Amino acid sequence: MDHKLLLDHCVGVLDTFNQEIHSVDDHVNQYLKDYGIYDEDEQTFIVEVFSGCVRYSNVMSVVVNGFYAKDGKTALRSQQNLYTVLAYLALFRLDELGMANLRQFVRSQDINKMFKFLQFFFNEKSVTSWMKDTWQKYYEHTFVQTKLVSPLRRWLPELEEMVGQMREKIDNITKPRRKALTTTEIKPFKITQPRPKSVPVPEPIPKLERSRPPPETLYKQPSELGKIEQVRQANRRRAEERLMDASRKQFACANPEKSLKTKEKIQRILDEADQKLEFDKPKTNKAPSFLSQEVPVKMTAAAILREGFLYQQREAEEIKKLENLEAGAKDKSDFEKWQTEMRRKDTELDLAEIERRRLEGKISHEEAILARQNIVQENRQRVTEMKEETEKMFERYLEEKFKEEQQMKQLVEDTMKGHKNAKEAKKKLMEYKQKIVAEVAEESREMMARAVEEAELEMRRRMELIHQIRAMEAVPVIRQKFVDTTSTAGHGLLSEMSIAELRERVALLRTAEQEAEEMKRDDILMDKEAKDQMLLDTLERISKHRLEQTKAAAVKLEGRKKGEPRKMTVETPELSALQQKLEERRQQRLHGQESSRLAPNAKSAKRTKSLINQKKNLEESRWRELEATRERSAQVMQQSYARSATRLNTALTSVT
């Protein structure tokens with residue numbers, strides 16, 4: 001799409017959107033489906049612009065309403081969404097789009113209308129004053145500054161330049177064109193053309209014989225290696241089983257177990273050694289148990305006031321209800337029953353609508369799969385046609401190449417006849433070049449002599465300036481400055497005073513500030529005492545209400561236990577028809593998949609065989625890794641046993 005059509009679609013989505021009826025996703029998907037927009041980039045652009053305009057509608061309304069109130073009194077209200085889309089692109093998407101795309105969007109509309117809106121919008125004074133203040137009513141200050149004002153101010157120079165170009169175009173101001181400078185024409189030397197070199201006739205390219213493919217046995221592993229590996233694995237497993245049997249069936253005479261008394265002594269010795277090593281062990285307290293007693297929750301002042309205000313409102317509502325009942329008002333139980341019944345019906349309708357949308361989505365999914373299958377078949381047919389066309393084109397290419405070779409042979413024969421007078425032209429060219437070199441050398445000598453004279457004059461002038469500067473620096477400068485604190489500066493102002501008087505006034509101001517601070521501190525203490533009393537009263541009211549609420553909750557729980565909720569089911573003829581249609585589409589898709597399924601051949605069999613071999617290799621490598629980890633764990637256990645034995649020996653030697 002071009003920029004004008006994209007902008008029209010974005011405006012059209014906003015024009016047809018009703019927030020009370022449609023949701024954002026359903027509306028934009030239905031619009032794209034109605035207008036047949038299937039390109040992913042175009043769909044993404046339209047969806048992002050529409051959702052952004054809906055999300056930041058408060059920001060856009062500030063700009064558009066301000067434009068209609070100030071400069072757009074003659075503009076049509078039907079074009080409000082057009083200005084909304086342009087304002088969104090300039091505020092949130094200018095870094096992604098760039099100035100080139102924004103200019104294309106603006107040029108696709110009426111220039112007078114766009115100039116009036118952009119001149120109002122791209123005004124730095126308006127953006128930083130009333131627009132920023134109005135945006136801060138809806139969003140935080142940091143969001144407004146970083147996301148709205150700062151990016152727009154960064155782009156303002158280029159935007160103002162675009163508005164200036166539009167003004168010049170409206171006023172019919174054209175820039176003067178530059179005069180084309182005449183370029184010097186180069187005239188070639190009148191030299192006879194040299195005789196071209198002889199070009200050898202190309203030899204015919206020999207055609208190589210077609211090589212035979214390597215045998216399949218080259219890429220296969222010999223069967224003997226596989227048999228040897230299987231025998232090796234079987235021997236290893238047999239050895240492991242024998243090792244496990246030998247470890248289970250140990251000799252009774254070689255049992256190294258110690259008696260219980262010896263184990264207790266060893267453990268006591270190890271504990272005493274560990275206690276000696278713990279020098280600065282912190283004394284921990286047991287964790288308190290909160291199960292036996294209820295811990296009161298400390299409430300803040302804000303929570304107390306919030307809950308007290310809530311209960312105060314409820315008390316006022318109850319009092320008002322009782323007064324209405326005393327005055328003769330009716331009970332609303334019948335209305336509540338009717339309301340619950342209508343809500344139940346509405347929920348049933350909503351469930352039916354949700355089920356209908358779900359079935360329609362599944363049907364569209366099945367139809368998309370069928371369409372994709374049709375496209376695959378068409379592509380296959382197109383590939384066969386393209387192969388036939390390439391064969392024909394290759395035949396034509398060979399014929400044209402043969403003709404070109406014949407023409408090249410004729411051209412070589414023609415160029416062999418034109419070599420004459422090359423030596424005389426070379427002599428004349430050498431004489432002309434020698435003459436030019438002599439003239440250039442004479443001019444360079446004169447220029448060097450002139451440059452030496454100018455350098456001497458410049459050096460004399462600089463020496464004179466240096467002497468003058470040194471003479472000026474030799475003059476002494478008075479650097480002492482005397483200050484009188486009782487005298488004024490003498491500027492002639494009404495509020496002019498000396499430094500001493502200024503110090504006295506500052507001291508008086510400090511004493512006045514201290515007195516005001518003491519008064520403020522007393523007021524704060526009084527307000528704090530009043531607030532504490534109010535919080536105590538509010539806590540008393542909250543405790544009473546909570547007690548009543550616990551009683552009401554217990555009664556309500558008993559009532560809920562008596563009744564059981566029922567499950568809502570929705571069945572309509574429209575849903576059954578959609579379900580039947582979905583089954584038909586699914587059967588069509590399965591039939592198409594079965595028909596398009598590829599039959600097994602030699603290549604697929606080879607590929608599956610190679611995959612099976614790869615899987616076996618992976619399993620063998622995994623088995624080897626597991627064996628290596630077991631060996632490492634056994635080594636670690638042996639090392640730990642050796643350490644514990646040495647530690648026990650040291651403990652026994654220390655005891656003895």
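A quick note: this is a predicted structure, and the numbers were derived from the prediction, not measured. All residue numbers refer to positions in the sequence shown, counting from 1.
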Does any non-hydrogen side-chain atom of [Y] lie less than 4.5 Å from one of [X]?
| X | Y | answer |
| --- | --- | --- |
| Asn29 | Lys33 | no |
| Lys435 | Glu431 | no |
| Ser51 | Val28 | no |
| Cys10 | Phe45 | yes |
| Glu140 | Val144 | no |
| Leu152 | Leu159 | yes |
| Leu76 | Gln79 | yes |

Working for side chain to side chain contact (heavy atoms under 4.5 Å, CB included), residues Asp95 and Arg154: CA-CA 10 Å; Asp95 292 336; Arg154 189 174 65 250; 3.1 Å; yes
Hey, what do you get for [atom1] ([X]) to [atom2] ([Y]), rounding to the nearest 0.5 Å?
| X | Y | atom1 | atom2 | answer |
| --- | --- | --- | --- | --- |
| Leu82 | Leu14 | CG | CG | 10.5 Å |
| Trp155 | Leu91 | CH2 | CG | 13.5 Å |
| Met386 | Met393 | CE | CE | 9.5 Å |
| Asn101 | Leu89 | CG | CG | 10.0 Å |
| Ser621 | Glu625 | OG | CD | 5.5 Å |
| Thr384 | Glu388 | OG1 | CD | 6.0 Å |

Minimal non-hydrogen separation, [X] against [Y], with atom names:
| X | Y | answer |
| --- | --- | --- |
| Asn81 | Val11 | CB-CG1, 4.0 Å |
| Ala87 | Phe121 | CA-CE2, 4.1 Å |
| Thr134 | Tyr138 | O-CD1, 3.4 Å |
| Gln43 | Ile37 | NE2-O, 2.6 Å |
| Met131 | Val127 | CB-O, 3.8 Å |
| Glu48 | Tyr88 | O-OH, 3.6 Å |

Who passes side chain to side chain contact (heavy atoms under 4.5 Å, CB included) against [X], sequence neighbours left out?
| X | result |
| --- | --- |
| Glu501 | Met497, Ser498, Arg505 |
| Ile469 | Glu473 |
| Glu504 | none |
| Asn18 | Glu20, Ile21, His22 |

Under the ring-ring contact (aromatic ring centres under 6.0 Å, His included) test, residues paired with Phe50 that sit two or more places apart: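 ring-ring contact (aromatic ring centres under 6.0 Å, His included) check on Phe50 returns Phe17, His27.
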Asn613 backbone acceptor or donor facing Asn617 side chain under 3.5 Å: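 Yes.
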Flag, side chain of Asp71 to backbone of Phe67, donor-acceptor distance under 3.5 Å: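 It does not hold such a pair.
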Pair Tyr68-Arg77, side-chain donor/acceptor within less than 3.5 Å: no
Distance-only polar pair, side chains of Asp26 and Gln30, donor-acceptor under 3.5 Å: no
Please determine if [X] and [Y] form a salt bridge, counting it only when a charged side-chain N lies under 4.0 Å from a carboxylate O.
| X | Y | result |
| --- | --- | --- |
| Glu517 | Lys520 | no |
| Glu518 | Arg521 | yes |
| Lys401 | Glu405 | no |

Can you list everything that forms a salt bridge (Lys or Arg N to Asp or Glu O under 4.0 Å) with [X]? Sequence neighbours excluded, please.
| X | answer |
| --- | --- |
| Glu389 | none |
| Arg624 | none |
| Glu160 | none |

Test log, rule side chain to side chain contact (heavy atoms under 4.5 Å, CB included), inputs Tyr432 and Ile436: CA-CA 6 Å; Tyr432 181 72; Ile436 290 172; 3.1 Å; yes
Could you pull out all donor-acceptor pairs under 3.5 Å where a side-chain atom in residues 54-65 meets a protein atom, sequence neighbours excluded?
{"from": "Ser61", "atom 1": "OG", "to": "Ser57", "atom 2": "O", "distance (Å)": "3.1"}
{"from": "Ser61", "atom 1": "OG", "to": "Asn58", "atom 2": "O", "distance (Å)": "2.7"}
{"from": "Asn65", "atom 1": "ND2", "to": "Ser61", "atom 2": "O", "distance (Å)": "3.0"}

Please say whether more than 12 non-hydrogen atoms of neighbouring residues, nucleotides or ligands are located less than 6.0 Å from [atom1] in [X].
| X | atom1 | value |
| --- | --- | --- |
| Glu458 | CD | yes |
| Glu385 | CD | yes |
| Gln381 | CD | no |
| Phe143 | CZ | yes |

Salt bridge (Lys or Arg N to Asp or Glu O under 4.0 Å) contacts touching residues 123-135 (sequence neighbours left out):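 Checked against salt bridge (Lys or Arg N to Asp or Glu O under 4.0 Å) - neighbours excluded - the pairs reaching residues 123-135 are Glu124-Arg153.
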Summary of salt bridge (Lys or Arg N to Asp or Glu O under 4.0 Å) pairs that have at least one residue in residues 445-457, sequence neighbours excluded: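 Sorted pair list: Glu442-Arg445.
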Scan the side chains in residues 106-117 for donor-acceptor partners under 3.5 Å anywhere in the protein, sequence neighbours excluded, and list what turns up.
{"from": "Ser108", "atom 1": "OG", "to": "Phe105", "atom 2": "O", "distance (Å)": "2.6"}
{"from": "Lys116", "atom 1": "NZ", "to": "Thr74", "atom 2": "OG1", "distance (Å)": "3.2"}

Chi angles and distances behind the side chain to side chain contact (heavy atoms under 4.5 Å, CB included) call for Glu42, His9: CA-CA 10 Å; Glu42 295 170 359; His9 280 301; over 6 Å; no
Steps toward salt bridge (charged side-chain N to carboxylate O under 4.0 Å, His left out) verdict (Glu464, Arg461): CA-CA 5 Å; Glu464 291 178 359; Arg461 188 177 63 80; over 6 Å; no
